[in-house]
Amino acid sequence: MSQAVSSPPKAAGLEGVVAAKSEVCFIDGVAGRLIFRGYEIADLVEHLSFEETAYLLWTGKLPNRQQLTDLRENLDASAVLPTSIIDVLRSLPKGTHPMDALRTAISALGCDDPDRNANTPESSERKAIRLTAQFPVIVAAFHRLRSDQEPIAWDAKLSLPANFLYMLNGKQPHETLVRVMDAALIIHAEHGMNASTFTARVIAATLSDMHSAVTGALGALKGPLHGGANQDVMELLLECGTTENAEKKVRDMLAAGEKIPGFGHRVYKTFDPRAAFLRKMSKQLGEAAGNSKWYEMSERLIPIVMEIKHKDPNVDFFSASAYYTMGIPLDLFTPIFAIARVAGWTAHIQEQYKNNRIIRPTDDYTGPMGLKTVPIDQR
Ligand SMILES: CC(C)(COP(=O)(O)OP(=O)(O)OC[C@H]1O[C@@H](n2cnc3c(N)ncnc32)[C@H](O)[C@@H]1OP(=O)(O)O)[C@@H](O)C(=O)NCCC(=O)NCCS
């Protein structure tokens with residue numbers, strides 16, 4: 001049997017491969033810098049709202065007052081789900097993971113979108129805004145339906161982060177929690193050519209529609225090596241219960257060659273700058289709630305993973321204890337990531353449409369050659 005003539009093996013996981021030219025986001029993994037459209041993440045978190053950040057990601061410009069007002073009005077107008085989508089959510093088994101519910105609802109919304117048959121730049125701009133408004137509505141509505149409560153309508157007086165908390169809990173959220181949610185959404189809004197964004201761009205590059213691309217991106221985000229890690233972090237902390245148990249568990253996992261959720265990153269070779277913000281948030285929320293146990297337990301695990309595997313925490317590590325302290329159910333942690341990241345996905349999808357070529361890499365064939373079929377009773 002002859003062997004395939006193959007090219008030298010490339011690094012697995014497309015490490016270091018440049019898949020597109022992009023003006024959306026710059027990451028310096030050595031210096032630990034994250035930049036959206038030319039602006040440092042610290043500047044954005046301190047001075048912008050999530051809505052302004054989304055506008056920046058889509059257009060490359062900071063909105064002026066009128067542009068922000070227009071965007072807010074468009075978000076308000078879009079934050080209503082057709083009855084057919086509520087019916088879809090209602091029909092799902094109660095035990096459905098909210099990421100699966102969100103993915104299903106976004107796919108269904110693609111059949112209902114007023115621009116469903118158009119892929120023009122203008123229709124893509126409108127779809128990006130609609131999707132960004134609909135994500136928090138879907139997540140909150142599904143959570144209420146599975147808890148035998150009716151969905152609560154979006155309140156046009158509130159921002160998107162405040163609306164999410166309001167639609168989830170049915171009461172006006174405390175200002176501090178809104179500020180934390182706003183900052184968390186900004187931090188998670190975009191991150192270059194990560195797995196879900198790449199998925200979205202691959203789908204968009206076939207000139208398929210934005211809802212298909214975002215549905216695919218949701219499927220990629222939910223995996224435990226990507227956005228699913230924040231839920232896994234909190235499950236690990238809760239399972240351990242005490243710092244002593246957590247330290248032992250993490251040492252045992254590392255000795256067994258297992259990965260610790262919330263640590264490591266393909267691009268960052270230093271402390272993930274997003275983790276630094278979330279670390280502060282987790283600490284402050286713990287102090288405000290009079291319960292710093294989960295924050296402190298998290299802190300104690302960092303030197304252990306650093307000592308044994310030289311891995312820093314990533315964005316998912318401290319978001320876990322921060323969201324838990326805010327009283328958010330564990331399986332909504334990854335959907336919150338999605339509520340933010342849809343802004344980045346839709347920015348990338350629009351960029352892909354503007355300068356498109358189908359994304360079609362090749363593989364390194366390592367199978368046999370020269371085989372001949374034999375009749376079925378001789379196999
Ligand atoms: C993020 C992640 C997928 C990056 O993967 P990657 O770039 O392919 O890195 P690798 O899996 O090749 O890791 C390189 C080495 O570091 C180790 N490593 C990576 N992340 C680790 C972790 N979280 N815990 C322990 N060891 C880890 C690997 O086991 C490997 O060790 P080895 O060389 O001895 O085999 C990976 O770090 C991971 O699985 N982290 C946990 C899940 C997570 O938090 N995901 C969210 C990312 S934002």
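For ligands, and for the atoms within them, numbers begin at 1 and follow the listed sequence. Keep in mind it's a predicted model, so treat the numbers as computed, not measured.
In this structure, Val80 and Trp154 have side chains that are not in contact, with every pair of non-hydrogen atoms separated by 4.5 Å or more.
Partners of Glu73 according to the salt bridge (charged side-chain N to carboxylate O under 4.0 Å, His left out) rule, which considers only residues two or more places apart in sequence or in another chain, do not exist here. Qualifying salt bridge (charged side-chain N to carboxylate O under 4.0 Å, His left out) partners for Glu150, counting only residues two or more places apart in sequence or in other chains: Arg90.
Here Val30 sits alone; no ILVMFWY side chain lies under 4.5 Å from its own, so it joins no hydrophobic cluster.
Residues with a heavy atom under 4.0 Å from ligand 1: Pro224, Leu225, His226, Ala229, Leu254, Glu258, Lys259, Ile260, Pro261, Gly262, Phe263, Gly264, His265, Arg266, Lys309, Lys311, Asn314, Asp316.
A side-chain contact (heavy atoms from CB on, under 4.5 Å) with Ser321 is found for exactly one of Tyr324, Tyr323, Phe318, namely Phe318.
Between Arg146 and Asp331, at least one side-chain N (NZ, or NE/NH1/NH2) sits under 4.0 Å from a carboxylate O, which counts as a salt bridge.
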